[in-house]
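One-based numbering along the sequence shown. On a predicted model such as this, the values are computed, not experimentally measured, just so you know. Counting starts at 1 for both ligands and their atoms, following the listed order.
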Amino acid sequence: MALQRVPTVRGLRQILDDARARGARVGLVPTMGALHDGHASLVRAAVADGSDVVVTTIFVNPLQFAPTEDLAAYPRDLDGDHAIAEAAGATLLFTPSVEEMYPFGPAGVLTNVSVRGITDSLEGAHRPGHFDGVATVVAKLFAMTGTCRAYFGEKDFQQLAVVRRMALDLSMPVDVVGCPTVREPNGLAMSSRNRYLTDDERSRAAVLHRCLQAGRSAVEEGETDPARVRARMAQVLAGDPIATPDYVACVDPDTFAVPERISAPVRLLVAARVGKARLIDNLGASPR
Ligand code: AMP
C-alpha cells in the first residue's frame with residue numbers, strides 16, 4: 001500500500017480513530033527523520049507484531065535540543081524518509097511542522113513532562129533539559145495517536161526507559177516496545193548523526209562498540225567491580241584519539257544507578273564526540 005503523508009494533527013486523529021473503529025491495531029514509530037535501517041527495523045517490528053496501520057512520525061523536536069546543540073544542522077531528508085518508511089511497510093507518515101506541534105511556539109509551551117530519577121545521570125546529566133523535551137513531545141505524539149503500540153530503539157537506552165516509565169506513570173493507552181540496535185558491519189550503531197562523519201571517522205567510530213564489547217567481556221569473565229569494568233571500557237576508547245569521551249558507564253538497567261557489585265545483568269553505556277558528531281551506544285552484559 002502506498003504511504004500516505006499526513007501533516008496535521010486533525011488529519012492523523014481522523015484516520016486513526018476511523019481505523020480503530022474498524023478494529024485496526026495501530027503501531028507508532030516516532031523519529032526525527034533522516035531515516036536509516038535502525039528506524040526501518042522499528043517499522044518492520046510494528047508490521048511483524050500485527051499492526052494494521054503503522055504511523056512513522058518525522059519531527060525534529062526543538063524542545064529536546066540545547067541552544068548549543070545541532071538543531072539547525074540536524075539532517076533533514078523527507079523524500080528519502082518517505083522511500084525508507086514505505087519500503088519497511090509504514091502506512092502513514094506524520095510530518096507536522098513546528099507550528100502544528102507547538103501552536104504557541106516551542107518557547108510558548110507552559111506544560112512540561114519530566115521524569116525524575118532515571119534522568120539524573122548519563123544523557124540527563126550531559127544534556128540538561130533533553131529528557132523533558134523528549135518526554136513532552138512523546139507525550140504529545142501519544143495523545144495525538146491514541147491507543148497504540150509504540151516502538152523505540154534500545155540504541156537510546158535511557159530514552160526508552162524514560163518513555164516507558166512516563167507511559168506507565170501517566171496511564172497512557174500505549175504499550176512501549178523496545179527493539180534491538182541495528183549496526184553497521186563494523187559494529188557502529190546506525191544513527192542519523194553518522195551523516196556528520198567522514199569515511200575515516202565512520203570506520204574509526206567503531207571504537208565505541210569495541211569499548212562496549214570490552215566491558216561485556218570483563219563482566220562475562222567474572223569482573224564484579226563496576227569501576228574496573230568502566231576502566232576497561234575507557235582504556236579501549238582511549239585507544240583511538242578520534243573519540244573524545246563524554247562518559248562510559250556500567251549501571252543497573254532499571255535504575256541507572258551504579259551497583260556496588262555486579263551480581264545481575266548490567267547495562268554498559270558510552271557517549272563520545274567523533275568529528276562533528278556526538279555519538280551514543282550501549283550493550284547489555286550478564287555475569288556468569
Ligand atoms: P531518532 O530519529 O534518532 O530520534 O530515533 C528514532 C527512534 O529510532 C528511537 O526510538 C531510536 O532509539 C531508534 N533508533 C535510532 N537508531 C537506531 C538503531 N541503530 N537501531 C535501532 N533503533 C534505532
Side-chain angles (χ1 to χ4, degrees), residues 27-49 54-66 69-71 73-78 80-82 84-85 88-90 93-96 101 115 122-123 127 130-142 145 148-167 174-197 202 205-206 208-209 212 253 267 269-271 274 277-284:
L28 175 69
V29 179
T31 82
M32 297 205 300
L35 299 186
H36 49 67
D37 201 50
H39 299 114
S41 76
L42 305 182
V43 174
R44 290 193 295 265
V47 173
D49 260 7
V54 178
V55 189
T56 302
T57 77
I58 312 272
F59 182 63
V60 183
N61 174 33
L63 287 194
Q64 69 190 71
F65 289 77
E69 293 180 351
D70 58 343
L71 173 63
Y74 198 83
R76 289 159 169 92
D77 177 12
L78 198 51
D81 293 347
H82 190 111
I84 290 174
L93 198 64
F94 180 52
T95 57
M101 287 297 282
V115 178
L122 307 172
E123 288 304 283
R127 303 183 67 188
H130 171 66
F131 283 128
D132 283 12
V134 169
T136 302
V137 79
V138 173
K140 285 167 70 68
L141 291 170
F142 285 1
T145 305
C148 68
R149 298 187 96 182
Y151 297 80
F152 288 83
E154 287 182 352
K155 154 80 169 40
D156 299 277
F157 191 76
Q158 201 177 9
Q159 168 177 282
L160 171 60
V162 166
V163 169
R164 201 170 248 154
R165 188 57 191 254
M166 172 191 75
V174 178
D175 281 335
V176 175
V177 182
C179 301
T181 301
V182 178
R183 300 177 178 283
E184 305 280 358
N186 70 357
L188 175 64
M190 289 192 183
S191 164
S192 303
R193 289 189 168 96
N194 291 352
R195 294 189 190 203
Y196 298 147
L197 303 175
R202 191 179 273 251
L208 271 75
H209 186 235
L212 296 170
R267 204 76 190 180
L269 302 100
V270 58
V274 175
R278 181 177 180 278
L279 304 178
I280 61 172
D281 199 358
N282 68 88
L283 216 54

Below 4.0 angstrom, N of the basic side chain to O of the carboxylate: do [X] and [Y] qualify?
X	Y	result
Asp37	Arg44	yes
Asp70	Arg278	no
Asp81	Arg76	no
Asp49	Arg149	yes

Among Gln64, Arg183, His39, Glu184, which one puts a heavy atom closest to atom 5 (O) of ligand 1? His39
For the backbone of Gly38 and the side chain of Ser41, can you confirm whether one donor and one acceptor N or O come within less than 3.5 Å of each other? yes
Main-chain N/O of Tyr74 paired to Ser192 side chain as donor or acceptor, under 3.5 Å: no
With a 4.5 Å heavy-atom cut-off, do Leu141 and Met101 have their side chains touching? yes
Looking at [atom], what's its closest protein heavy atom, distance included?
atom	answer
atom 4 (O) of ligand 1	Met32 CG, 3.6 Å
atom 23 (C) of ligand 1	Lys155 CB, 4.0 Å
atom 10 (O) of ligand 1	Gly153 N, 2.9 Å

For ligand 1, the portion of Val29 having any non-hydrogen atom under 4.0 Å away: neither
Quick one: does ligand 1 sit under 4.0 Å from the side chain of Pro180, the backbone, both or neither, non-hydrogen atoms only? backbone
Which atoms from ligand 1 have a heavy atom of Met190 less than 4.0 Å away? 16 (N), 17 (C), 18 (C), 19 (N)
Check each atom of ligand 1 against the heavy atoms of Thr31 and keep those under 4.0 Å away; list them by number with element. 2 (O), 6 (C)
So, regarding [X] and ligand 1 (criterion: nitrogen or oxygen to nitrogen or oxygen, under 3.5 Å), is there a contact or not?
X	value
Pro30	no
Asp156	yes
Val182	yes

State if Ala34 counts as touching ligand 1 under the rule of any non-hydrogen atom under 4.0 Å. no
His36: heavy atom below 4.0 Å from ligand 1, yes or no? yes
To the nearest 0.5 Å, what is the distance between OG1 (Thr31) and CD1 (Ile58)? 4.0 Å
Heavy atoms of Ala205 and Leu197 approach each other most closely as CB-CD1, 4.3 Å
